Protein chains: 2
Amino acid sequence: MTDVTLREVARASGCSVATVSRVLAGTRPVGAETARRVREAAEELGYRPNQVARALRSRSTGTIGLVLPQITNPFFPSLVREVEHALHAEGRAVLLADCDDDPEVEAARIADLLDRQVDALLVIAADGKRSRDAVEKAAAHVPLVLLDRGCGPGVADSVATDNATGMALVLDHLVTTGRRRICFVGAAGTGSAAVERLAAYEAEAGALLPHGSGRVELGDFSLEWGRTAVDRILPSRPDAIVCANDLLAIGVLQRLRQLGVDVPGDVAVTGFDDIPMMDLADPALTTVRQPVRALAAEAVHLLGHRLAGRNDGPRRSVRLAPELVVRASSAPRAPSALRASSAPRGASSAPSALRAPSVSSAEDTGSTRTPEVEQ
Amino acid sequence: MTDVTLREVARASGCSVATVSRVLAGTRPVGAETARRVREAAEELGYRPNQVARALRSRSTGTIGLVLPQITNPFFPSLVREVEHALHAEGRAVLLADCDDDPEVEAARIADLLDRQVDALLVIAADGKRSRDAVEKAAAHVPLVLLDRGCGPGVADSVATDNATGMALVLDHLVTTGRRRICFVGAAGTGSAAVERLAAYEAEAGALLPHGSGRVELGDFSLEWGRTAVDRILPSRPDAIVCANDLLAIGVLQRLRQLGVDVPGDVAVTGFDDIPMMDLADPALTTVRQPVRALAAEAVHLLGHRLAGRNDGPRRSVRLAPELVVRASSAPRAPSALRASSAPRGASSAPSALRAPSVSSAEDTGSTRTPEVEQ
DNA sequence: TTGAAAGCGCTAACAT
DNA sequence: ATGTTAGCGCTTTCAA
């Protein structure tokens, strides 16, 4: 099983290694007959070009580094998938680096990828501030595109969801369906999603609501915080709780159910991201779906641009509009069921007798986005 | 930003490239003073070894190919994470290949990875039968370990969860808590998980149950099939439904709720895998947790073994025992609530008035396994 | 159109 | 302990 090299193909086909290289790489015109002989010999011997040697000589590995904070964040797998497919369609391979949400690890992984001579980097920044240094340095060496999360302006090309539009869609929807006391549960960090979604909420709510924006509770992007935030927010008697991501929304739904608060009867709840299975929450979660495939395609496109050109020119920042996915958790209240907005309290209270029949059923649960896996 | 090479470090430190290489790679003893000078010069110049050149010469890229069926399968991200971390701890990098559940794509991706001179392959086989050829061929070239899913015996080293033990745990638990009419919802494919879990169910149920194993419904590993299977299975009046994975179990829970069947009052439901958020299902899902970290560690260990040795010796097949995670979906029925096992039918029926208060609440939802993500 | 030759940056014999 | 010398397998001048 010793590997076949160009030399052997050259010998077998009776020409020089240079010619073989030209035929196989298609770099230059080659005589038809020679080409045929070469291809035949290569086929016969089962020749496979050694990409490492090729990379050393041509100074291009055909490899892209994909750096992300945590592959277990349920939003990322679909993004990774789309990126991987888009790159593979161009004959490139993906070196994966998971940073465990740690900017220092991130810096180390980026350095490692550069040592391995990746042609370019796709980075989902771990932190809005502390990722900046490493990203900036790396961008000086290879084309680099920030994906989904930025780390400060002007650092590198970036592609992300338009969080402002997403929040506007949510608030529009809630106001249109009669909600007026709309609160917000978000994260306090410096991540671009946390910051932008909060800002958008405040801007939109301030503009659309009679009493201005409602109560805001900031913690982190965890389910646990979603639960906690409910207890802090309920006394202000909201009729809608807008969450900065789906995990928070799930936490909120859990706690509301525990407390016997009816969703969407008493309170509407919305998320952000549309991670898998959100159509299966109870009630199914209204949320903002990030345009994952388009994000990946655009990022890869930008990389291609830089790789083809001289990696200069102005930084590009692309924002893609997301889509509102309306499900049961924000269904309008039945007009006949006007009730006190105060719900029974107590962790062990029985489910609200007022709960409307689930609106999700067939239509919502039949969503085609739920993964079907063969294992 | 032109890259610094060994030559320049050699010149700056006043010695030969060979010496510099030795100092930096630590291959051979070098004089203390020389070593210091070299390191200083390297540091000063910001030297970073070119891994591609190193790989070409030393015939080792320090890169492992990770081939998987679908990164969006919710079970895989955590596995990928553990593999990535374990490999990185050894200074190796991961080339990721997502196969879209297609064995032909899989074969192509494996070939591509071999061209890129990966030192070894970690393969989660896409298909129990059709993956075999490509895997076998690849295993002739580089060390290869099958992870989580096999593709026939004796093809390569393999590491997987002990499905038989997992199923035994489930059935033991159900029988111990008084269930007697235990049915099975699984997949008909040739995947090792589908086959082994079914076989284990039949063996265990046959041994433990008075009337032998119950009704078996085989489709695919999809939520949709879980829903469908419920309608087929209910007429046989089961008091427990064992599912071959969590997705099926979620589908089953959904449909049971739609039909007003009380879980766990009327029927217990169990899953397999413990994918993220199963503690958040309603009711929280009893399932079998795969030992993800140990699987990854073992696979990486096996690879290391082959990489260190001469890649011969007998094929190893390692099975790791999973753990039963008991949650609300299989809670014992309250002895006082003996009721007819026939549930009201009809898609739009209201939630069962008999439903017990959720047992999940604080303890179950407080699980530390739910990802906390910063985005 | 083809061939000969010179490396890409590094490691590993073989010298010393 | 260090230097010298050959390459790893390929692409790419430069000649012919």
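Quick caveat: nothing in here was measured; it's all calculated off a predicted structure.
Taking the side chain as every heavy atom from C-beta outward, V20(B) and Y47(B) never approach each other to under 4.5 Å. By the 4.5 Å heavy-atom criterion applied to side chains, V318(A) and S158(A) are not counted as neighbours. Within the 4.5 Å cutoff, side-chain heavy atoms of V30(A) are placed close to those of T19(A).
When the C1' atoms of four end pairs are superposed on the next four at each end of the helix from dT1(C)-dA16(D) to dT16(C)-dA1(D), using five pairs per end, the two resulting axes differ in direction by 40°, to 10°.
Where T19(A) and A35(B) each meet DNA chain D at their nearest nucleotide, the meeting point lying more 5' is that of A35(B). Between V52(B) and P29(A), the residue anchored closer to the 5' end of DNA chain C is P29(A), taking for each the nucleotide with the nearest heavy atom.
A 6.0 Å sphere centred on CD of E33(A) holds more than 12 heavy atoms belonging to other residues, nucleotides or ligands.
Put simply, the side chain of D119(B) gets close to the backbone of G62(B): a donor and an acceptor are under 3.5 Å apart. With hydrogens and angles ignored, the 3.5 Å screen pairs no side-chain donor or acceptor of S60(A) with any backbone N or O of A55(A).
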Which pairs of donor and acceptor atoms, one on a side chain in residues 79-86 of chain B, lie under 3.5 Å apart (sequence neighbours left out)?
from, atom 1, to, atom 2, distance (Å)
R81(B), NE, Q70(A), OE1, 3.2
R81(B), NH2, D100(A), OD1, 2.6
E82(B), OE1, R293(B), NE, 3.1
E82(B), OE2, R293(B), NH2, 3.4
E84(B), OE1, R109(A), NH1, 3.4
E84(B), OE2, D98(A), N, 3.1
E84(B), OE2, R109(A), NH1, 2.8
E84(B), OE2, R109(A), NH2, 3.0
H85(B), NE2, D98(A), OD1, 3.2

- Message: Using the rule given for side-chain hydrogen bond (donor to acceptor under 3.5 Å, both in side chains), can you reason through E106(B) versus S131(B), listing the C-alpha separation, both sets of side-chain angles and the distance that settles it, and then say yes or no?
- Response: CA-CA 7 Å; E106(B) 183 179 56; S131(B) 290; 2.5 Å; yes

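If you take CZ of R11(A) and P of dT2(C), they are 20 Å apart, rounded to a whole angstrom. Going from atom CD of Q117(A) over to atom P of dG9(C) covers 9 Å, rounded to whole Å. Here dT1(C) presents its C1' atom at 13 Å from CZ of R37(A), a figure rounded to the nearest Å.
Residues satisfying the side chain to side chain donor-acceptor pair (under 3.5 Å) criterion with E40(B), sequence neighbours excluded, are R36(B). By the side chain to side chain donor-acceptor pair (under 3.5 Å) test, D157(A) pairs with R306(A), sequence neighbours left out.
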- For nucleotides 10-16 of chain C, 5' to 3', base contacts (B), sugar-phosphate-only contacts (S) and non-contacts (-) with protein non-hydrogen atoms under 4.0 Å give BBBB---

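Nearest heavy atom pair, residue S78(A) against residue T72(B), reads CA-CG2, 3.7 Å.
From the 5' end on, the contacts that DNA chain D makes with chain A at under 4.0 Å to a non-hydrogen atom open and close at dG9(D) to dT13(D).
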